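Let me begin by presenting the structure, written as structure tokens, before commenting on it.
Not measured: the values here are computed from a predicted model.
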Amino acid sequence: MSPAKRQFALMLRELRERVKDVSVEELAGRIHVRRSSLSGYLLANRLPDLEIARSLYDEVHKQVALESGSMPFSREQLESAHRAAQVRLCNSCPARTAGSVQCSEGAPAGSPKPAAADSRGEGEPQIDPSIGAVVAQDNLPVPYPEGDRQPDAAVPWAATSELLGQLEGGRAGDARIILLHVGTRLAIEEIPAAVDSCRAVGLNDAANAILNYAASRASKDVLHLARLLVSAGRQSDAETLLKAAATD
């Protein structure tokens, strides 16, 4: 998966997160696609037609306007990201990391390559820069939306040492994907260790982000996690979790 395609899927998820009260099935119905299709777009399994992407943006924009909220990016930025996501990496391109050159797949050998695009991509959703930036990974999926989780899905959480080794500037979106996935899909029993690992190496904002994402889970899971944190002597983390859950 190219960084541009992953970036576009992340933008679609940003739109999805703006209408949390609307189920995936209902949202899919509003833009006249199947629920499975919309889930595939959000997971970066497939790239939607531009008109579908526009319809999703417009539908979310209408809902956000009713709630006097704001959009994470403009329609034009979404269209620009869609164009970039359509460009594939050919077999002669460098490893698919941030800043790798994109060109038309199957370009003749020796053809001049276009200049590398800005690795952040126009319109990339922003997070606290102190969380750090993670280089794109081929095996890093976009997390499942609420209601689409599969209990047998593999958890892509990497060891903290590996995470630290991949921290580079310009890929804050991928850092957010990892933290969101850990908070919403990692087994409850494993989250305290992930939080502790982040704290141990000074990634306090990343640890707080995990707890804030975990606060959106079912109430019984939040309470279970809070008990585990208290048992592990992480009283302040338990308070952070419960405070976030109370304001969610």
Side-chain angles (χ1 to χ4, degrees), residues 1 4-75 77-79 81-82 85-86 123-127 139-157 173-188 191 209-222 225 244-245 247-248:
M1 184 191 305
K5 186 175 181 181
R6 180 179 287 108
Q7 172 60 34
F8 181 74
L10 181 62
M11 293 176 75
L12 293 184
R13 283 196 56 82
E14 283 290 306
L15 295 178
R16 169 73 183 105
E17 291 175 6
R18 285 297 194 277
V19 288
K20 291 182 178 179
D21 293 337
V22 180
S23 68
V24 175
E25 184 172 4
E26 181 180 351
L27 186 58
R30 291 184 184 183
I31 62 175
H32 308 294
V33 299
R34 295 179 177 179
R35 179 182 183 279
S36 59
S37 295
L38 179 55
S39 295
Y41 304 148
L42 296 172
L43 294 171
N45 289 337
R46 62 187 74 170
L47 184 69
D49 292 337
L50 180 57
E51 286 306 314
I52 293 176
R54 287 170 174 166
S55 295
L56 178 61
Y57 186 94
D58 293 342
E59 188 60 41
V60 172
H61 187 257
K62 286 191 296 183
Q63 188 73 25
V64 168
L66 292 175
E67 301 171 358
S68 300
S70 60
M71 296 296 286
F73 44 80
S74 70
R75 197 170 188 259
Q77 287 174 322
L78 181 69
E79 293 172 351
H82 186 274
Q86 289 180 304
E124 177 170 350
Q126 301 295 307
I127 62 172
N139 63 349
L140 181 62
V142 176
Y144 284 84
E146 183 69 29
D148 287 342
R149 298 171 185 164
Q150 300 177 3
D152 58 345
V155 178
W157 173 248
D174 282 320
R176 178 171 183 169
I177 288 175
I178 290 179
L179 297 173
L180 176 61
H181 202 107
V182 171
T184 59
R185 287 186 42 80
L186 198 68
I188 293 295
I191 291 181
I210 292 173
L211 294 171
N212 277 275
Y213 288 133
S216 66
R217 297 173 77 148
S219 298
K220 63 181 181 63
D221 290 337
V222 173
L225 176 56
T247 57
D248 189 11

message: Quiz question: by atom type and distance under 3.5 Å, do the side chains of R185 and Y213 form a donor-acceptor pair?
response: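 The answer is no; no qualifying pair exists.
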
task: Could you walk me through whether R6 and I177 pass side chain to side chain contact (heavy atoms under 4.5 Å, CB included), step by step?
output: CA-CA 10 Å; R6 180 179 287 108; I177 288 175; 4.0 Å; yes

Interatomic spacing from [atom1] in [X] to [atom2] in [Y] - rounded to 0.5 Å:
{"X": "I178", "Y": "I210", "atom1": "CD1", "atom2": "CD1", "answer": "9.5 Å"}
{"X": "R35", "Y": "E26", "atom1": "CZ", "atom2": "CD", "answer": "12.5 Å"}
{"X": "H32", "Y": "S37", "atom1": "NE2", "atom2": "OG", "answer": "14.0 Å"}
{"X": "M11", "Y": "Q77", "atom1": "CE", "atom2": "CD", "answer": "6.0 Å"}

message: Does E17 have more than 12 heavy atoms from other residues, nucleotides or ligands lying within 6.0 Å of its CD?
response: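 Count over threshold, so yes.
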
- prompt: Under 6.0 Å from the CZ atom of R46, do we count more than 12 heavy atoms belonging to anything else shown?
  reply: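 For R46, atom CZ is crowded (more than 12 foreign heavy atoms under 6.0 Å).
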
Show the nearest heavy-atom pair for residues [X] and [Y], with the distance to one decimal.
{"X": "G183", "Y": "I191", "result": "O-CD1, 3.9 Å"}
{"X": "L38", "Y": "A28", "result": "CD2-N, 3.6 Å"}
{"X": "A85", "Y": "F8", "result": "CB-CB, 3.9 Å"}
{"X": "A215", "Y": "V222", "result": "O-CG2, 3.8 Å"}
{"X": "E79", "Y": "L50", "result": "CG-CD1, 4.0 Å"}
{"X": "N212", "Y": "A244", "result": "OD1-CB, 3.4 Å"}

Do [X] and [Y] come close enough that some side-chain heavy atom pair is under 4.5 Å?
{"X": "R13", "Y": "R176", "result": "no"}
{"X": "H82", "Y": "L47", "result": "yes"}
{"X": "L56", "Y": "P48", "result": "no"}

message: Run D58 and I31 through side chain to side chain contact (heavy atoms under 4.5 Å, CB included) and show every step you take.
response: CA-CA 9 Å; D58 293 342; I31 62 175; over 6 Å; no

message: Please identify which of these residues, V33, V19, L42, meets the side chain to side chain contact (heavy atoms under 4.5 Å, CB included) condition with L27.
response: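 Per the side chain to side chain contact (heavy atoms under 4.5 Å, CB included) rule, the option paired with L27 is V19, out of V33, V19, L42.
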
field: Parallel, tilted or perpendicular, as decided by the 30° and 60° cut-offs, for the rings of Y57 and F73
entry: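 Ring orientation, 0 to 90° scale: tilted.
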
- prompt: Of R30, R18, R16, which meets salt bridge (Lys or Arg N to Asp or Glu O under 4.0 Å) against E59?
  reply: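 When R30, R18, R16 are each tested with E59, the salt bridge (Lys or Arg N to Asp or Glu O under 4.0 Å) holds only for R30.
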
